[in-house]
Structures are given as structure tokens and as C-alpha cells.
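To start, the structure under review is shown below, and the notes come after it.
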Amino acid sequence: MGLLTQFSWWYLPGCLLLGAVFAWLQYRGKKTSDFSKPKVLVLAALRGIAVALVALLLLNPYLRTDKKITEKPILLLAFDNSASLVQADSNQLATRMQAVQTELTDKLGEAVEVRAFGFGSDLRDSLTFDFQEKATDYSRLFETLLQRFSGKRLAGLLLATDGIQNRGYDPLSLIEKLGTPVYTWPLGDTTQQRDLRIREVRTNQRVFINNDFSVQVDLEVNKLSGREAVVQLLSVSPQGTEVLSTQRVVINRDRFYTTLSMEAPAGKQAGLRQYSLRATIPDEAGNAAANNRRDFYVEVIDLRTRVLMVAHGPHPDLAVIRQALDNNPQYEVELHFAYQPVQFNGKFDLAILHQLPSAAPYSAAWLTQINKLELPKWFIIGSQSQLPALQQVQKTVQIVQKAGSANKVLASLQSDFSLFQTDLNWKQALANLPPLDVPFGDYQLQPQASALFKQRIGQVTTNMPLLAYNPAGPVREAVLTAEGLWRWRLAAAEQRNDVDVSGELIRKTLQFLAVVDTKEPFVVQSNKKLYQEQDDIYFEGMLFNESREAVNDPEVRLQITNDQNQRFSYVMGRTGNNYFLNAGALPPGNYRWEARVQLAGKSFSQRGAFAVASLDLEQSNRVANHQLLARWSAISSGNMLVGNNPAELLLPLLESSKATTPTTYYESRLEELISLEWLLAFIALLLSIEWVLRRYWGLR
């Protein structure tokens, strides 16, 4: 313990002198026949000590205290609780694990802190030893241990496991960072059994409607040489199963491994769809084993943008537009001409109007119908366009037609355009493209619109827009004031230019037009469409009043229904202005959900669906990997402890390495004297005693 200050200690006599001066000034000449000298000295001492202490506090002194700390090392115990350890004597194994924990705690408890955990897909503080974990993730185990015990003195880690990893990555780097010996207790059976198993399935989690997608299947076979395996891909639905594809594989060696590629149809309806892979060997026992089958889900999405293209008549620009979109499954284009009566099928997301309005017989009828559908529109102006009529049907470019032939204009890319990102190579590519044909006239950009290209005549860039976009208004608009995109396409092909400006321009324009700004008053969504078993299922929601302000006063009720029509009801919690729900983990299967709320006398609802996939990773491989455990022990200066009682082997190793010796150190603590409440109270007490004695002795 000590007293420190940032000022010289030569100030201390000054503090004492200041206290003495204050006392002398206060009590000089106070001695009378009724007020004796001892009384004066007592009062002066109280005043002088109080003032000296206050002066001392002005020096901002610190009180340093040294505390001796003895830190016991920590021995970590991590017990594998995954399903791959399920065996005939599982209860006996659980008893052995508990006995190891108890023995180490009892024998090391005085000198070492023993911390025990269970693990599988994650680290668990509870030790259940029921071997129900559906996956083993060693990387997650060591990540969590690093987060919890980084900087702590560790005596070592006893890792009781079978070495079968089916999730995460190789934790070698994490073991080195942990910086403590890893003592592995190898469990499980390393004997290769006569077995056929589907090791892994790889496919896209999201596929487009009406498309086929590829499924990669890793097949592993042991001790079945000379036999033939049959692998089937099935579609699973409430109506039953349907075989989609079958492949036969001849097994030509004892340890056989191959990868198969199979095709599956996504189907004609959007949503989650379940598939199953089954591998069998005719007339072989064990075909019903869990590792012979693997179920998986894909989300079938319908993100197609249906484009209605109406043109005055045939034109090479139309072919360029179709070519840019036909190779992209996201777009579905339907072409009509304005000399034909209005007739089309289905719904559309946007319209391309090439040289419309025009003098074609049904031009006005097509425009009227498209306006009724409130479709975003891309107007492409050409020699057949009626510019006065066009001025009335769009709010992007103001056009004043003038007599004269078409202008040949080049495109000048505008650096201040911000409605979407453009390729950095466009500027250089545009310099090598031929001019487009713009009908002669005066073109001015409307205030709410933005120009991507402006017209450049020769070396002069005018203020007239060549391609402009308008995000405001009831629907989005784009206007290309020229025709001749086909020339850009031909020039790019001739120059073998890697930058296809015309194709990228067409796709980016349609992406801009297809953006939908939702104004739903009630929105609820789950964070995923497909969950794995043991995953928690989350929902988030927002509710808006008529002023589009987010509110969460009303209660939102959410109901989840499974395949057997069992219903699970929840009330969503509130966080900020939003709603939130953690529905926890649910058993594998398909689920539907519906959320309901009432606001200002109106009812709103949202519906959706999700699936929970069965996690059979532990069933797919039961062969222990003790070589992996030996490698981890070797790189961490640990040992593999083979036997039924690793505690007997571990205790001598810990003692010989002096890992159980406690660490002693001193911790210094600095505390401002002015922050000590008892000192301030002492000064106040001195002044209070002085005041009471003055009154008691009759000194005013």
C-alpha cells in the first residue's frame, strides 16, 4: 500500500502549514477567562487538520493497494455427446465418462479448476451423456473454448471423442491458438464394416421453376466388391414418392468411392420441394440402414420477369433485345406488333414499347391496355414514333418535334448517374461504338428523371438525353430517344469486345423497371425457408399505420401448422418498433405459418411456409478416426490416452509437466483519495465536532 501523487511531496508541508495558518487566523486572541487555552488548541487542531486534508486532496493523490492473487490452472474436459457413439454399451460409456470427470475433480480439486462440457454441433455446459447430438463440429468446439478461455492459464484439455467430424472445418489452427496440450481419449470403433452409404449430396438450394437442376452424389462402399449398387433419386410429396432417376454402379474393389451426377426437375410450382436419394444393393441385408438414404430440400423460386414487348413493326433492334434476354431464365418475353389486335395471355411485369405510339392501327389500343395494367414501361423512340403523342404518355423526357431528318448521335456516359451501377469499362467501349438515329427535335430531361447517356454530336456533348430513367410516379419509366441498338451489337462482335454494352444495358434497364416498392402495411418473414434439425426458427415482422410509421402496439399472433395439421400458437415479442419471435427448434417436416394482427379496426395477415430437414450426419459414418486425434495430440504436445480410465494416465502427465502448479501474482490498484467516501466523511466529522464544541463552550 502506498500514496502517490502527480505533484512533488514537497507540497505536503505546505498543506500542513496552510492548515496551521487557517487555525491561527480563526482562533488567535480567543483565550479568555471563560475559554481556556486547552479548548482553543482542541478547536484549532480540528480546524487545522480538516483544512490540511482538503488541501491534500487538491493535489489529487492516489492510494495504491497491492493484492496477492493465486490463480488455479483450468483443466478442460470435453465429452462427445453425438449420435455416432450410440452402441450396445452406451450406458456403460456414459458411466465411464462421469467416473472420469468425478475422479479428476476429486483428485485435482484443490489445485486445479476442472471445467467439464459436452459437445456435438455446439458446446454445451450441461452433461447429459444421452448421445443425441445430430452432428459433430470440432471447429465450433475449439472456437467456443478460445472465446471463453483465451488469456486463462490452462492445464490442458481432455477430449473424449471418436474423431468423426461431419460439420465445420479442420481445427488445427484453433488448437495451436488455444496453446494448451490436448489429451485425446479415443472412443468408438475403427473397424471398417460391410457397408454402402451416401456420403454427401451437393445441389443448389434454390432453383428456378420449370428448370432441371443437377444433384451430385458421393457414394462410398466397403467390402462389397463385385456387387452392383442401385441409386435412385425420388420426389417426395404428400401424395407419395416418384422415382425421377436411377443409376447402377458396379463395385470393383473393397474400398470403393465414386461421384454420380443426376438430374432432377424443379417442377411447375414455386415453394419448397422435398427429394430423397436411396442407395441399395439387391439381395443384401442392411439396405434399410439410415446412411443408405439422404433426404434434401430445394426452394423452387419463380423470379421470372415477364416482359410484354409491343412494336410498331419488325425491326432488328427487337432481335437484339430478345437475344439479350432469351439466354437468361429470369426473363420471359412475349412479342406483339401494333398492327395486330390487342391479345395476350397471363400477367406481365413490365412493357417495352418500340416506336410507339405510332400510326399502326392498334397502337392506341395497346397503350390503353398497358396503362390499365399499370406496367412499368420502356419507350424506344424511332422513325415511326409519333412524338406529340409520346409526349402525352410519358413523364421522363419533354419532346418538341422539329422538321428534319434524324440526327446521328453518339452516347456520352454521365458520371453523376446513380440509379444503378454501371460497368467501369463502358466509357471506353462506347467510344468505339457507332452512332444511333435520333428523330430530329428538342429533348429536355424532366426534373424527376436522370440521364444515363446524353447525346453527343461529333465532339460536343449536348444537354439532350439519349437514355433516361424516371423512378418517380405511379410506375417506373425509361426512354431511349434513338433506334439502332443492333449496330452496337454488330460492332461489339466485329471488334471482339468483351464488354457487351447493348446486352448489359438492356438487362440493367429491365432490372430497374422491375423493382417493386412494396407498401404492405403488415410484413412478417422467417429468416430462412429451409432449416436443419436443431436450428432455431426465427420470425421478424413490421406493422405500419396509415402514415407509414412503424408501430408495434397491437398484439401479433403467429400459428405454425405441420404436416399432421398440429398447430403451435405463439405471440410475437416486441423489439424497438418491430416484432420478433424465436419459435425454437421443430421436428423435421414441412410447415405452414400464418401471422395475424388488428390495427385501427382492420385485420391484416401474412402467410408462408418452411421446412425442417432431418440431420442424419451422425448416421452416415460410424467408423472412428483415431489418426485424427493422434495428430491433434501431437501438434499440441499432448498424448493419446488409450484405455477405459484416462484419468489414471492423465494425472501423472499433469504432475510431471507442472501444469497443476498455481500461479501467484500481485495486482496493483490505484484509487483517488477524493473518491474515498470515508475520508470525505472524516473531514466532515472534524468540522462538525468543531462546530458542536464551539456551541457547547459558548464560542460564537
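In this text, all values refer to a predicted model and were calculated from it rather than measured experimentally.
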Closest approach of Ala155 and Pro181, non-hydrogen atoms and distance?
O-CD, 4.4 Å
Would you please classify the geometry between the Tyr591 ring and the Phe568 ring as parallel, tilted or perpendicular, with 30° and 60° separating the classes?
tilted
Report yes if the side chains of Leu145 and Leu141 come closer than 4.5 Å at any heavy-atom pair, otherwise no.
yes
Check whether more than 12 heavy atoms from other residues, nucleotides or ligands sit under 6.0 Å from atom CZ of Arg153, and answer yes or no.
yes
Any side-chain heavy-atom pair of Val201 and Val215 under 4.5 Å
yes
Between Phe539 and Tyr579 (judged by ring centroids, cut-off 6.0 Å), do the two rings come close enough to count as a pair?
no
Tell me yes or no: between the side chains of Gln216 and Ser214, is some donor less than 3.5 Å from an acceptor?
yes
Close side-chain approach of Leu599 and Val597, heavy atoms under 4.5 Å:
no
Is there a side-chain contact between Met97 and Leu187 in this structure, where contact means two heavy atoms from C-beta onward sitting under 4.5 Å apart?
yes
Should Glu594 and Arg592 be marked as a salt bridge (Lys or Arg N to Asp or Glu O under 4.0 Å) after you check the CA-CA gap, both sets of side-chain angles, and the distance that decides it?
CA-CA 7 Å; Glu594 181 178 14; Arg592 308 181 305 278; over 6 Å; no
Please determine if Arg115 and Glu113 form a salt bridge, counting it only when a charged side-chain N lies under 4.0 Å from a carboxylate O.
yes
Would you find a donor on one side and an acceptor on the other, under 3.5 Å apart, between the side chain of Glu477 and the backbone of Lys395?
yes
Hey, is CD on Glu540 packed in by over 12 heavy atoms from elsewhere, all under 6.0 Å?
no
Where Phe512 and Arg476 come nearest, the two heavy atoms and their spacing
O-NH1, 3.0 Å
Check for a donor-acceptor pair, side chain of Asp349 on one end and backbone N or O of Arg306 on the other, with a separation under 3.5 Å.
yes
Side chains of Leu154 and Leu157: closer than 4.5 Å at any heavy-atom pair?
no
Is it the case that more than 12 heavy atoms not belonging to Lys508 sit under 6.0 Å from its NZ atom?
yes
Taking the six-membered ring for Trp, are Tyr469 and Phe417 parallel (under 30°), tilted (30 to 60°) or perpendicular (over 60°)?
tilted
With Phe610 as partner, the option from Leu586, Asn590, Leu530 fulfilling side-chain contact (heavy atoms from CB on, under 4.5 Å) is Leu586
Can you tell if the side chain of Glu133 reaches within under 4.5 Å of the side chain of Ser121, non-hydrogen atoms only?
yes
Please evaluate residues Leu510 and Thr305 with respect to the criterion side-chain contact (heavy atoms from CB on, under 4.5 Å), reporting the C-alpha separation (whole Å), side-chain torsions for both, the decisive distance (0.1 Å), and the verdict.
CA-CA 9 Å; Leu510 297 194; Thr305 301; 5.8 Å; no
Under 3.5 Å, is there a donor-acceptor pair between the side chain of Tyr531 and the main chain of Ala585?
no
Compare every heavy atom of Ile209 with every heavy atom of Gly267, then report the nearest pair and how far apart it is.
O-CG1, 3.4 Å
Would Tyr275 and Thr203 count as having a side-chain donor-acceptor pair, cut-off 3.5 Å?
no
What are the two closest non-hydrogen atoms of Ser139 and Gly168, and how far apart are they?
OG-CA, 3.4 Å
Under the side-chain contact (heavy atoms from CB on, under 4.5 Å) rule, what do Leu272 and Gln274 come out as? Steps first, then yes or no, please.
CA-CA 7 Å; Leu272 288 171; Gln274 183 180 358; over 6 Å; no
Closer than 4.0 angstrom, basic N to acidic O: yes or no for Arg574 and Asp553?
no
Flag yes if more than 12 heavy atoms outside Lys72 fall under 6.0 Å of its NZ atom; otherwise flag no.
yes
Considering non-hydrogen atoms only, spot the tightest contact between Leu233 and Ala264 and give its length.
CD2-CB, 3.6 Å
Just wondering, do Asn81 and Phe79 contact through their side chains at under 4.5 Å, heavy atoms?
no
Any side-chain heavy-atom pair of Thr259 and Arg202 under 4.5 Å:
yes
Between Phe129 and Leu85, is a side-chain contact (heavy atoms from CB on, under 4.5 Å) present by the stated rule, with each step listed?
CA-CA 10 Å; Phe129 300 115; Leu85 288 175; over 6 Å; no
Interatomic distance, Gln448 atom CD to Thr396 atom OG1 [nearest 0.5 angstrom]
7.0 Å
May I ask you to decide if Arg199's main-chain N or O and Arg294's side chain share a donor-acceptor pair within less than 3.5 Å?
yes
Qualifying residue, where the test is side-chain contact (heavy atoms from CB on, under 4.5 Å) with Gln606 and the options are Leu558, Val556, Val524
Val524
Taking atom types as modelled, find out whether Arg293 and Ser276 have a side-chain donor-acceptor pair closer than 3.5 angstrom.
yes
Heavy atoms of Leu373 and Phe344 approach each other most closely as CD1-CZ, 3.6 Å
For the residue pair Gln165 / Thr136, report whether a side-chain donor-acceptor contact shorter than 3.5 Å exists.
no
Can Arg140 be said to sit on top of Phe119's aromatic six-ring, NZ or CZ under 6.0 Å from centre and within 45° of the ring axis?
no
